[in-house]
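Note that this is a predicted model, so its numbers are computed, not measured. Quick note: residue numbers are just sequence positions, from 1.
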Amino acid sequence: SDDKDNFNNVAKVKKGIGDKICNSYNRFGYVEAIAKDNIKIRLAGQVVQQKENYFFSTGPRSKRFSYQAVTGPEIIWDKSSNWGHCDFGH
């Protein structure tokens, strides 16, 4: 799909510490650290009731969305290629 292709292109862009990032499953957070091809992510939340690649949609989309906040600090490591820059407005 166009949204998936858009995500794949965005995910290739080099990330920096503090960047806002999202994955194709609509989780979002901040880059905490970078180690080669992996990034440490402080998760902030996950959009609910939207299709995958919500943040990377090539069509019109509402800037308003419902999300579940992360309860407590949640830090994960993941491949950088699974995440792309996005603006979740927090």
Side-chain angles (χ1 to χ4, degrees):
S1 74
D2 289 345
D3 295 351
K4 182 67 175 168
D5 291 342
N6 188 42
F7 167 75
N8 287 333
N9 288 330
V10 172
K12 292 174 186 166
V13 177
K14 187 176 179 183
K15 296 159 190 81
I17 291 171
D19 289 356
K20 292 179 177 181
I21 54 171
C22 304
N23 71 3
S24 59
Y25 302 109
N26 302 331
R27 298 180 92 186
F28 55 92
Y30 303 88
V31 177
E32 291 261 308
I34 300 167
K36 295 186 180 172
D37 296 334
N38 295 312
I39 52 174
K40 184 180 180 183
I41 304 151
R42 179 165 53 90
L43 293 172
Q46 181 167 12
V47 174
V48 294
Q49 299 170 335
Q50 296 287 349
K51 63 186 176 73
E52 289 184 5
N53 293 301
Y54 167 78
F55 289 105
F56 308 99
S57 175
T58 53
R61 68 174 170 88
S62 171
K63 289 286 187 189
R64 296 173 60 86
F65 56 85
S66 299
Y67 70 95
Q68 292 178 318
V70 172
T71 54
E74 188 172 349
I75 306 289
I76 64 168
W77 282 92
D78 198 3
K79 287 191 181 313
S80 180
S81 58
N82 289 338
W83 295 79
H85 289 105
C86 64
D87 182 10
F88 49 83
H90 289 271

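Taking the side chain as every heavy atom from C-beta outward, Ile41 and Asn23 never approach each other to under 4.5 Å. With contacts defined as side-chain heavy-atom distances shorter than 4.5 Å, the pair Tyr54/Phe28 does not qualify.
In the hydrophobic clustering of ILVMFWY residues, with side-chain heavy atoms under 4.5 Å counting as a link, Ile21 and Ile76 come out together.
The side-chain contact (heavy atoms from CB on, under 4.5 Å) search around Lys4 returns Ser1, Phe7, Asn8, Ser24, Asn53, not counting sequence neighbours. Residues passing the side-chain hydrogen bond (donor to acceptor under 3.5 Å, both in side chains) test with Asp78, sequence neighbours excluded: Asn82, Trp83. Glu52 is linked by a side-chain contact (heavy atoms from CB on, under 4.5 Å) to Tyr25, counting only residues two or more places apart in sequence or in another chain. Take Asp3 and apply the salt bridge (charged side-chain N to carboxylate O under 4.0 Å, His left out) test, not counting sequence neighbours, and it matches Lys51. Under the side-chain contact (heavy atoms from CB on, under 4.5 Å) criterion, Asn9 pairs with Lys12, not counting sequence neighbours.
For Ile17 against Ile34, the heavy-atom pair with the smallest separation is N-CD1, 4.1 Å. Residues Ser81 and Ala11 come closest through the heavy atom pair O-CB, 3.4 Å.
In this structure, OH in Tyr67 is found 9.5 Å from CZ in Phe88, a value given to the nearest 0.5 Å. For the atom pair OG of Ser80 and CG of Asn38, the computed distance is 8.5 Å after rounding to the nearest 0.5 Å.
Panel note: side chain Asn6, backbone Phe56; a donor-acceptor pair is recorded below 3.5 Å. Of the possible donor and acceptor atoms, none in the side chain of Lys15 sits under 3.5 Å from a partner among the backbone N and O of Ile39.
Pairs engaging residues 27-40 under the salt bridge (Lys or Arg N to Asp or Glu O under 4.0 Å) rule: Arg27-Glu74, Glu32-Arg42 [sequence neighbours left out].
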